[in-house]
Amino acid sequence: MSQASDLFQDLPFRPADILLPKNCDMHLWSVVACDQYTSQPEYWEEVARLVGDSPSTLHLILPESQLESPDVDQAVAKINETMAAYLRDDLFDDCPDSMFYVERRLSSGAVRRGLIGMVDLEQYDYEPGSTSLIRATEGTVLSRIPPRVAVREDAPIELPHAMLLADDPGRTVIEPLAGATETMEQIYDFDLMQQGGHLTGWRLGDKELTQVAAALTALADPDAFHSRYGLTDQPVLLFAVGDGNHSLATAKECYERQKKLAPPEDRDSLPSRFALVELVNLHDDSLVFEPIHRLVCDVDPEDLLRSLLSAYPSAYTGRGEGHVLPYVTAKGEGCITVPDPSAQLPVGTLQNFLDDYLRDNGGKVDYIHGEDVLRRLAAQDRSIGFLLTAIKKEQLFPTVILDGVLPRKTFSVGEAHDKRFYLESRRIR
């Protein structure tokens with residue numbers, strides 16, 4: 001074990017052997033997370049036009065909108081072939097045992113600061129009621145895991161999509177690195193495509209690694225944790241998944257499958273035991289929780305609204321006390337109020353109904369970032385959109401600690417074009 005790794009041996013987040021592209025146009029290499037713009041195929045068509053045949057992470061991922069396409073198996077095989085070809089053609093520089101400090105200048109001009117490393121999937125559990133150091137923030141839809149496993153299980157490398165959040169109000173882990181960039185090695189600095197902003201990264205030296213390890217160890221201290229939340233005996237929650245819940249759950253599932261096939265003495269050294277992620281402080285000034293709206297397609301909007309009123313007998317049309325569910329259709333907009341709801345959040349009240357309605361009546365739901373996009377898509381025939389509000393970010397950790405996971409797609413960390421872009425990679429086989 002190296003000196004850097006030794007500092008992190010008792011922590012779930014640690015340095016990784018990171019691969020960076022070399023001799024590439026970084027503007028074309030880096031593309032946004034695969035689960036964005038699922039109802040806007042024109043976005044991905046434009047990315048494909050821009051990239052062409054240039055080396056790019058576009059050729060290493062499968063946009064979520066294509067997961068159910070009839071030729072998905074061929075697309076996955078092509079991705080794996082391209083990964084192998086990039087490795088064979090020596091397209092990557094190795095950065096062994098490394099952590100990267102990154103600054104993402106968003107389209108708004110705000111700067112989001114993060115730390116790239118890997119997490120131990122033995123310390124992560126996405127099941128409801130989990131008490132692990134790393135936990136999901138939203139309910140995991142198990143049916144969404146198998147198609148993602150199909151993409152990952154034979155892949156030789158991974159690209160990080162998940163963003164973990166640390167509740168670090170003292171700004172002890174990541175923020176001090178902002179003042180040390182002159183002493184660190186800069187590894188990239190370029191503009192991202194499609195309103196993605198600008199990305200700059202530095203490789204941590206021994207001094208910075210020591211500082212990060214010490215700060216994380218203090219943050220994970222049980223006494224400090226209990227004092228922070230006014231608790232006495234709750235297990236420590238060190239990291240909550242802020243983005244990419246299903247991607248990290250997929251990594252966990254692939255690791256568990258490999259672990260069952262590996263001899264016991266080899267399990268600790270399986271590359272798949274770890275997953276590359278970006279760690280961000282919940283209290284980063286740029287971090288804004290945005291709502292994720294619901295678009296329901298291939299349904300009769302009026303029948304759906306009647307069914308919503310029937311599902312909650314005390315519900316009524318109009319705005320009142322309780323959970324207010326604003327909607328928009330081609331014919332106009334309005335809202336339905338559900339008084340005395342059993343769910344904690346309006347998104348839970350709506351999602352519980354939609355799950356039952358779509359199971360019995362058909363149709364499909366999509367999760368939309370941005371009110372303007374939702375309104376445009378909801379104006380289409382046989383569609384209805386529901387406008388939701390996001391939780392306050394200060395509520396996240398206490399809610400996950402005390403109540404467990406939130407309803408799926410409760411919030412989004414920023415707008416779609418501000419999501420994490422693929423750049424770094426790591427061998428997982």
Side-chain angles (χ1 to χ4, degrees), residues 28-88 126 138-162 193-194 243-258 261 272 275-276 292 294-298 355 358-359 362-369 377 408-409 416 419-423 425-429:
L28 299 180
W29 172 265
S30 198
V31 304
V32 79
C34 65
D35 60 345
Q36 301 306 303
Y37 302 102
T38 54
S39 292
Q40 296 166 268
E42 64 275 11
Y43 176 92
W44 290 105
E45 291 167 2
E46 175 62 12
V47 172
R49 187 193 68 78
L50 289 170
V51 167
D53 294 329
S54 301
S56 175
T57 54
L58 178 66
H59 305 311
L60 307 179
I61 64 157
L62 185 68
E64 191 164 295
S65 58
Q66 299 178 22
L67 277 177
E68 297 180 2
S69 66
D71 58 349
V72 65
D73 291 341
Q74 294 93 320
V76 170
K78 179 64 174 176
I79 288 169
N80 290 338
E81 290 173 6
T82 304
M83 288 180 173
Y86 283 5
L87 289 168
R88 186 174 60 249
Y126 59 80
E138 66 177 26
T140 301
V141 185
L142 297 182
S143 63
R144 295 178 65 190
I145 302 300
R148 287 162 178 76
V149 168
V151 176
R152 185 183 178 95
E153 62 182 348
D154 293 323
I157 62 175
E158 65 169 354
L159 297 98
H161 162 44
M193 66 170 66
Q194 300 282 76
D243 222 347
N245 273 286
H246 286 87
S247 294
L248 203 60
T250 298
K252 174 76 168 181
E253 176 63 23
C254 288
Y255 163 59
E256 292 295 339
R257 292 185 182 189
Q258 288 193 26
L261 300 175
S272 60
L276 207 59
I292 302 181
R294 270 45 175 181
L295 174 70
V296 189
C297 304
D298 301 328
D355 288 345
L358 296 176
R359 182 194 63 225
K364 62 181 181 179
V365 64
D366 199 1
Y367 303 94
I368 305 298
H369 303 270
L377 295 172
R408 67 183 181 274
K409 300 292 186 182
K419 292 295 187 175
R420 193 172 200 289
F421 273 55
Y422 298 110
L423 172 55
S425 57
R426 173 180 161 271
R427 295 177 188 267
I428 54 174
R429 300 185 70 81

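Computed from a predicted structure; not experimentally measured.
- E64 pairs in a side-chain hydrogen bond (donor to acceptor under 3.5 Å, both in side chains) with only one of the listed residues (Q36, H246, R148), which is R148.
- In this structure, CD in Q40 is found 7.0 Å from CD1 in I368, a value given to the nearest 0.5 Å.
- V32 has its side chain within reach of W44: a pair of non-hydrogen atoms, C-beta onward, lies under 4.5 Å apart.
- Taking the charged nitrogens against the carboxylate oxygens, D243 and K419 do have a contact shorter than 4.0 Å, which makes a salt bridge.
- In this structure, L28 and S56 approach most closely via the heavy-atom pair O-OG, 2.8 Å.
- With rounding to the nearest 0.5 Å, the separation of CD1 in I61 from CE in M83 is 9.5 Å.
- Note that the CG atom of L248 and the OH atom of Y126 stand 10.5 Å from one another [nearest 0.5 Å].
- Side-chain N or O atoms of R429 include none that pairs as donor or acceptor with a backbone N or O of S272 at under 3.5 Å.
- Between I157 and Y86 there is no side-chain heavy-atom pair separated by less than 4.5 Å.
- To the nearest 0.5 Å, atom NE2 of residue H161 and atom CG of residue D35 are 3.5 Å apart.
- Atom CD of Q66 is separated from atom OG1 of T38 by 11.5 Å, given to the nearest 0.5 angstrom.
- Between R49 and E45 no salt bridge is recorded (no basic side-chain N to carboxylate O distance below 4.0 Å).
- Remark: the backbone N or O of I292 is paired with a side-chain donor or acceptor of R294 at under 3.5 angstrom.
- The backbone N or O of V31 lies less than 3.5 Å from a partner atom in the side chain of T57, making a donor-acceptor pair.
- No donor-acceptor pair closer than 3.5 Å links the side chain of W29 to the backbone N or O of Y422.
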Quiz item: When you look at R359 and D355, which way does the side-chain contact (heavy atoms from CB on, under 4.5 Å) test go after all the steps?
Solution: CA-CA 6 Å; R359 182 194 63 225; D355 288 345; 6.0 Å; no
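- Minimum heavy-atom separation, N80 to V151: OD1-O, 3.9 Å.
- P156 and L87 make their closest contact through CB-CD1, 3.9 Å (heavy atoms, listed as atom of the first residue, atom of the second, distance).
- A distance of 9.0 Å separates CZ in R420 from CG in L159, rounded to the nearest 0.5 Å.
- Taking each heavy atom of K409 and E138 in turn, the nearest pair found is N-OE1, 2.7 Å.
- Of the possible polar contacts, none joining the Q194 side chain to the V47 backbone as a donor-acceptor pair under 3.5 Å is found.
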